[in-house]
Protein chains: 2
Amino acid sequence: MSNNLRVDPRVIRTRALLGNALVECVAESGFESLTIQEITARATLNRATFYLHYRDKNELLEDVFERLIGAAIPPPPAEGISIDPREPICAMLEHVSQYAEFYRAILGEQGVPFFMKRMRTKISPIIGAWLSRAPGMTSPAGDPPEVIITYITSAYLGVISWWLENDRPLSSDEMVEELLTITSGGVLAYLEKQKTG
Amino acid sequence: MSNNLRVDPRVIRTRALLGNALVECVAESGFESLTIQEITARATLNRATFYLHYRDKNELLEDVFERLIGAAIPPPPAEGISIDPREPICAMLEHVSQYAEFYRAILGEQGVPFFMKRMRTKISPIIGAWLSRAPGMTSPAGDPPEVIITYITSAYLGVISWWLENDRPLSSDEMVEELLTITSGGVLAYLEKQKTG
DNA sequence: CACTTTGTCGACACGCTGTTGATTAGTTGC
DNA sequence: GCAACTAATCAACAGCGTGTCGACAAAGTG
């Protein structure tokens with residue numbers, strides 16, 4: 001437990017190499033057919049070394065994701081602090097932009113379902129914190145219903161994936177505006193805005 | 001080409017056996033770690049027989065899905081015929097209910113991304129046909145923008161998955177109503193309805 | 001009944017996996 | 001700097017699922 005602090009520079013180096021190799025490999029040729037041989041080859045490491053750190057490539061992916069997203073997005077809004085979802089959502093969009101090929105590969109058709117769930121857990125609390133303070137939100141049960149959080153989270157995740165697959169035709173800010181318009185006002189508000197805008 | 005009509009009863013039988021075996025196996029233990037050995041064993045067929053019909057388990061899954069969904073859902077609305085999405089969406093919900101364990105496994109955390117895309121292609125045209133005739137929809141470009149179709153389709157798919165994972169707390173009709181409320185009026189309309197309802 | 005197609009069976013090489021034991025390289029505390 | 005420790009390397013191994021093959025049996029077709 002005490003040596004779990006990973007102080008040894010070799011461990012840090014090895015995991016960084018593995019992580020970078022994973023991101024590169026995934027961006028190039030996806031995750032599913034990716035082998036541990038390829039990852040370690042790209043990382044210029046021995047295959048056996050991989051197993052000293054991770055059980056399989058899923059575990060490596062999780063570790064990489066937490067490191068990436070942790071460096072980009074502040075930890076989930078603790079207790080309904082941020083009312084405005086613009087900032088965190090925009091940060092999320094710019095983060096996936098930075099690793100566009102990686103996220104495109106991993107969220108797209110050849111993607112990784114459990115990774116999508118991980119991304120959900122990043123988006124979901126943002127939406128939850130927003131809704132729990134929404135203007136009209138004073139329902140008997142204090143928390144917003146799960147359905148609508150699922151609805152919005154799934155929509156955002158899907159649109160992010162679409163955005164990546166289409167080479168990000170809109171800027172992060174524009175995307176956020178579109179998303180928020182649809183979310184709060186629905187199709188009708190969105191189409192109305194399209195006409196006037 | 002002429003014998004591609006699959007008239008031979010043995011072919012029909014074999015593919016049916018493989019399809020049923022796949023559905024059962026997936027419902028029990030997911031798709032990812034499922035082997036062709038297991039499928040053919042469950043189907044009481046020889047492993048080599050599998051390769052006479054499909055290249056891999058993905059191909060079998062596609063075939064099964066098209067057969068299942070084709071029998072349940074009418075082919076995608078040809079040219080903006082159905083304005084009301086209630087009927088096809090409800091049919092979709094009842095269909096996935098019928099094979100709940102299968103769809104739960106294949107849409108959930110251990111799911112299959114390319115399958116989700118396939119489901120998208122079933123939902124997407126329904127949404128498109130709806131929006132292209134929506135009351136406020138008279139935008140310069142005749143077709144509804146891709147973003148919003150992606151938004152709604154992803155939301156529906158996510159909610160369907162949530163619905164399955166939570167053992168379908170609401171009926172198909174109730175789900176459709178909830179979905180349509182959020183979709184057309186957005187969060188505000190939904191929360192408003194929650195209060196009064 | 002002859003002919004064709006499908007399914008069965010055993011076997012094979014292939015590739016990736018996860019692990020092991022011995023060895024080398026690098027790090028830390030004294 | 002040296003000794004003790006830990007991490008990384010390397011070769012090798014068995015295991016498993018794959019995809020394919022050829023020979024044979026079984027079922028369908030005209």
Side-chain angles (χ1 to χ4, degrees), chain A residues 1-26 28-64 67 105-106 110 112 114-115, chain B residues 1-26 28-64 67 105-106 110 112 114-115:
Chain A
M1 275 296 167
S2 58
N3 62 356
N4 202 12
L5 298 172
R6 308 181 187 172
V7 283
D8 196 324
R10 288 172 297 181
V11 172
I12 299 174
R13 182 187 118 98
T14 297
R15 297 193 184 188
L17 284 172
L18 286 173
N20 294 337
L22 180 78
V23 172
E24 289 175 23
C25 288
V26 165
E28 281 179 17
S29 50
F31 183 79
E32 186 169 322
S33 62
L34 184 61
T35 67
I36 292 172
Q37 284 186 341
E38 293 177 85
I39 299 171
T40 52
R42 163 84 56 148
T44 61
L45 291 172
N46 192 277
R47 190 168 62 88
T49 306
F50 179 92
Y51 296 100
L52 298 176
H53 298 272
Y54 304 103
R55 214 178 9 240
D56 50 35
K57 56 179 184 164
N58 293 320
E59 207 171 281
L60 171 59
L61 178 61
E62 287 193 47
D63 189 29
V64 167
R67 268 188 284 157
I106 220 146
Q110 298 292 343
V112 186
F114 90 84
F115 186 86
Chain B
M1 275 298 167
S2 58
N3 62 356
N4 201 12
L5 297 173
R6 308 180 186 172
V7 283
D8 195 324
R10 288 172 296 180
V11 172
I12 299 175
R13 182 188 118 98
T14 297
R15 297 194 185 188
L17 283 173
L18 287 173
N20 294 336
L22 180 78
V23 171
E24 289 176 23
C25 289
V26 165
E28 281 179 16
S29 50
F31 183 79
E32 186 169 321
S33 62
L34 184 61
T35 67
I36 292 172
Q37 284 184 341
E38 293 177 85
I39 300 171
T40 51
R42 163 85 56 146
T44 60
L45 291 171
N46 192 276
R47 192 168 62 88
T49 306
F50 179 92
Y51 295 101
L52 298 177
H53 298 272
Y54 305 104
R55 214 179 8 238
D56 50 36
K57 56 179 183 164
N58 293 319
E59 208 171 279
L60 170 59
L61 177 61
E62 287 193 47
D63 188 29
V64 167
R67 268 187 284 157
I106 220 146
Q110 299 292 345
V112 187
F114 91 83
F115 187 86

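Just so it is clear, the structure is predicted and the values come from calculations on it, not from any experiment. Residue numbers begin at 1 in each chain, while the letters A, B, ... track the order of the sequences.
- Distance alone, capped at 3.5 Å, is enough to place a donor-acceptor pair between the A:Asn20 side chain and the A:Ala16 backbone.
- For A:Ile12 and D:dT6, the CD1 to C1' distance is 14 Å, given to the nearest whole Å.
- End-to-end axis angle of the helix from C:dC1-D:dG30 to C:dC30-D:dG1, from C1' rotation axes over five pairs per end: 30° (rounded to 10 degrees).
- With sequence neighbours left out, B:Phe50 forms a ring pair (Phe, Tyr, Trp, His ring centres under 6.0 Å) with B:Tyr54.
- How far CZ of A:Arg15 is from OG1 of A:Thr49: 12.0 Å, rounded to the nearest 0.5 Å.
- The CZ atom of B:Arg13 sits 14 Å away from the P atom of D:dA26 (whole-angstrom rounding).
- Contact check, B:Thr14 against C:dG7: a side-chain N or O comes under 4.0 Å of OP1 or OP2.
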Per-nucleotide protein contact string for nucleotides 18-30 of chain C, where B marks a base within reach and S marks sugar-phosphate only (heavy atoms under 4.0 Å, - for neither): BB-----BBSS--

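- Between A:Tyr54 atom OH and C:dT17 atom P there is a gap of 17 Å when expressed in whole angstrom units.
- Scored by the salt bridge (Lys or Arg N to Asp or Glu O under 4.0 Å) test, A:Glu32 finds no partners at all (sequence neighbours excluded).
- Remark: C1' of D:dG17 and NZ of B:Lys57 are 11 Å apart, rounded to the nearest angstrom.
- Taking side-chain N and O atoms only, B:His53 has no distance below 4.0 Å to OP1 or OP2 of C:dT6.
- Whole-Å rounding puts the B:Glu59 CD to D:dG19 C1' distance at 14 Å.
- Legend: side chain to side chain donor-acceptor pair (under 3.5 Å) pairs involving residues 37-48 of chain A, not counting sequence neighbours, sorted by first then second residue: A:Glu24-A:Arg42, A:Glu28-A:Arg42, A:Thr35-A:Glu38.
- Rounded to an integer number of Å, the gap from CZ of A:Phe31 to P of C:dC16 is 16 Å.
- With sequence neighbours excluded, no residue forms a salt bridge (Lys or Arg N to Asp or Glu O under 4.0 Å) with B:Arg13.
- Comparing D:dC10, C:dT17, D:dT18 by their closest approach to the side chain of A:Thr35 singles out C:dT17.
- When the P atom of C:dT5 is taken as reference, atom CZ of B:Arg15 falls 15 Å away, rounded to whole Å.
- Here the NE2-OG1 distance, from A:His53 to A:Thr14, works out to 4.5 Å after rounding to the nearest 0.5 Å.
- With A:Asn58 contributing its side chain and A:Leu61 its backbone, the two residues share no donor-acceptor pair below 3.5 Å.
- In this structure, B:Leu52 places its CG atom 16 Å from P of D:dA27, rounding to the nearest Å.
- Judged by distance alone, the side chain of A:Lys57 and the main-chain N or O of A:Leu22 form no donor-acceptor pair under 3.5 Å.
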